[in-house]
Amino acid sequence: MEANIHFPDPSKVREELIQRYPAKVAKKRAKSIIVNDPQLIPEVQANVRTVPGIITQRGCSYAGCKGVVLGPTRDIVNIVHGPIGCSFYAWLTRRNQTRPETLLDANYIPYCFSTDMQEENVVFGGEKKLKVAIQEAYDLFHPKSIAIFSTCPVGLIGDDVHAASKEMREKFGDCNVFGFSCEGYRGVSQSAGHHIANNGVFKHMVGRDNTPSVGKFKLNLLGEYNIGGDAFEIERIFEKCGITLVASFSGNSTVSQIENAHTADLNVILCHRSINYMGDMMETKYGIPWMKVNFVGAESTAKSLRKIAEYFGDEELKARVEEVIAEEAPKVQAVIDEILPRTTGKTAMLFVGGSRAHHYQDLFSELGMTTVAAGYEFAHRDDYEGRHVLPSIKVDADSKNIEELKVVADPELYNPRKSEAELEALKEKGLEINGYEGMMKQMTRKSLVVDDLSHYESEKLIEIYKPDIFCAGIKEKYVVQKMGIPLKQLHSYDYGGPYTGFEGAVNFYKDIDRMVNNPVWKLIKAPWEKTGNGAGLSASYVTQ
Ligand code: CFM
């Protein structure tokens, strides 16, 4: 694929991005700044430590475990064992929504639970205080589950959150208490926290309730966290199609759903980065295949629904899915027809997390826009290049730090949902079972792929390409907008969403149209456009 817009020479851009770094840093960064070729898919250096001193977009392991994976399940009391700041800053900023069935149903998401560690606890140990906190939460709420999250000082002083959790679990008898060693410094980013969370959820939750789930086409939705109501739209579409959602990991989910998840017949994965471990482990232990889907984008949603229907191989379901698509498509088409002339030919840059930098390219191409540069904060090579590179990924000391669970087939519950021959037949039909082709295959030739983009590099990219929109998060938002470029937050969606499914696509088209065609941006002069006094950037990031 070749974009029909004029790119600056990407190899020159690459040189320009690294030329002001000291030699050693430049050498390292060069391996993460790649000129794309979807046919060849060059190797990207990813999931390695950020060079100290560089302003990175990344978060920490605790954020990935508590905030990302466990946070959206509404009836777990999530207690943060650590200083209050860790809890406060992880409190509700992700806009993960939830919808309890009745007002009486448990919903602890609005609460902020912390052991509020003080100096005394750091010096003399915090386990006693932790157990008091667990007891207090139990007495107040009588929740089904309490999870404990370790912050940096907990690991440094050696508090044993697992022993404390076990002691309290046995004491209560009717409340599942378990802990996570997800100290912020583990691993190189929040990605480590995802893995730690997957292990804990798999060990302590999945498989606790063997009651057969009801429904003809039963699946779990993995890696969808209901930011801005995304999961609500997917649930609406599933329901219309007659597809039963057994459990969601973890947007709008409950403890009981997750405990019963192993009774579903398919796992569909939206965010591969944060939850692929769960897909693999459930496949090995219970025989449930997983399939990568994408509900971001109207076309991708239709394609994903067709893939699900094909997997179940039921003619009625296939027909129903076609009916639903035919019903939803005109509403989407009407909006795109109106907006497309205003957005066609514009350019976007996406630097987000570990999956959205890929998924949102679908929505931009529906708008006739080209993604000129994209990258993840913390994804691994397989998210860029596809899972076929997994065997060649070097496991470094940081990754070795994170436990790989030894999972085997369950002697009673293992039940392959599809035979080898059936899986092969599905693969022949183009269904990628237990696979993911990554982001680069979909990006144009000569687009730029940058892993763990630094702040300096983002300013340079904007200066060179002057994209019509830049997608990242709150840390980047106002700096970029001061350069006269609108920034769409693709983590929290600013105040918008949902952006999944058919209704979400319509929301996104409208929001992007408003942003890229707003005349206000032309009134702002970027530093390099200024002449005379105050011209140019007054701060320099790298001394020569
Ligand atoms: Fe998956 Fe996510 Fe993302 Fe992610 Fe995240 Fe997020 Fe994200 Mo922010 S789980 S990798 S750790 S899709 S919080 S809902 S938006 S960085 S691209």
Side-chain angles (χ1 to χ4, degrees), residues 46-47 56-73 89-98 109 182 184 186-198 201 221-234 248-253 268-279 292-297 300 349-363 371 374-380 382-384 436 438-439 451-453 471-477 487-494 496-500 504 508:
N47 192 34
T56 169
Q57 296 181 304
R58 282 175 169 175
C60 70
S61 177
Y62 153 76
C65 182
K66 188 265 178 191
V68 174
V69 179
L70 271 297
T73 305
Y89 289 108
W91 179 37
L92 281 186
T93 52
R94 191 162 166 251
R95 295 191 72 233
N96 49 283
Q97 303 184 3
T98 200
I109 287 182
C182 56
R186 275 183 205 272
V188 301
S189 69
Q190 53 267 64
S191 168
H194 300 148
H195 196 164
I196 294 164
N198 276 237
V201 170
L221 177 59
L222 270 53
E224 163 44 59
Y225 301 98
N226 205 17
I227 313 301
D230 276 354
F232 297 149
E233 166 66 358
I234 303 173
S248 149
F249 291 66
S250 57
N252 196 30
S253 67
V268 292
I269 295 191
L270 188 51
C271 169
H272 174 264
R273 181 65 268 135
S274 63
I275 206 127
N276 71 90
Y277 321 92
M278 183 62 73
K292 176 74 181 67
V293 292
N294 181 17
F295 291 106
V296 182
S300 319
M349 284 188 183
L350 292 83
F351 290 96
V352 214
S355 88
R356 292 184 177 184
H358 178 194
H359 292 148
Y360 278 76
Q361 293 189 26
D362 289 6
L363 274 170
T371 304
Y376 298 122
E377 288 169 42
F378 51 75
H380 300 196
D382 39 322
D383 304 292
Y384 287 103
Y436 175 41
M439 175 175 92
D451 181 65
D452 188 20
L453 181 84
C471 300
I474 190 66
K475 297 197 290 290
E476 296 78 31
K477 186 170 177 95
L487 186 142
K488 179 68 193 164
Q489 290 194 65
L490 281 189
H491 300 264
S492 70
Y493 302 161
D494 297 298
Y499 290 142
T500 49
F508 194 78

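Only heavy atoms go into these numbers, but all of them, side chains included; no hydrogens, no water, no symmetry mates. Along the sequence shown, residues carry numbers from 1. Counting starts at 1 for both ligands and their atoms, following the listed order.
- Contacts between Phe378 and ligand 1, counted as non-hydrogen atom pairs separated by less than 4.0 Å, involve the side chain only.
- For Arg273 and Tyr376, the positive end is not near the middle of the six-membered ring at less than 6.0 Å and at most 45° from its axis.
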- Task: Run the numbers on Thr93 and His491 for side-chain contact (heavy atoms from CB on, under 4.5 Å), then give the verdict.
- Result: CA-CA 10 Å; Thr93 52; His491 300 264; over 6 Å; no

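- The set of protein atoms (N, O or S) found at less than 2.8 Å from atom 1 (Fe) of ligand 1 reads Cys271 SG, by chain and number.
- Between His272 and Tyr436, the angle of the ring planes lies from 30° to 60°, which puts this pair in the tilted group.
- Shown in contact with His491 at under 4.0 Å from a heavy atom are these atoms of ligand 1, numbered in order with element: 7 (Fe), 8 (Mo), 15 (S), 16 (S).
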- Task: Quick one: do Ser253 and Thr73 satisfy side chain to side chain donor-acceptor pair (under 3.5 Å)? Show the steps, please.
- Result: CA-CA 5 Å; Ser253 67; Thr73 305; 2.9 Å; yes

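- Scanning the protein for heavy atoms near atom 14 (S) of ligand 1, the closest one is Arg94 NH2, 3.1 Å.
- In this pair, Phe378 and His194 present their aromatic rings perpendicular. The plane angle is above 60°, beyond the 30 to 60° band.
- Each of the following atoms of ligand 1 lies closer than 4.0 Å to a heavy atom of Ile227: 14 (S).
- Interatomic distance, CG of Leu270 versus OG of Ser300, reported as 10.0 Å (0.5 Å rounding).
- Donor-acceptor pairing under 3.5 Å is recorded for the side chains of Asp494 and Gln489.
- Every salt bridge (charged side-chain N to carboxylate O under 4.0 Å, His left out) that Glu233 has, sequence neighbours left out, goes to Arg236.
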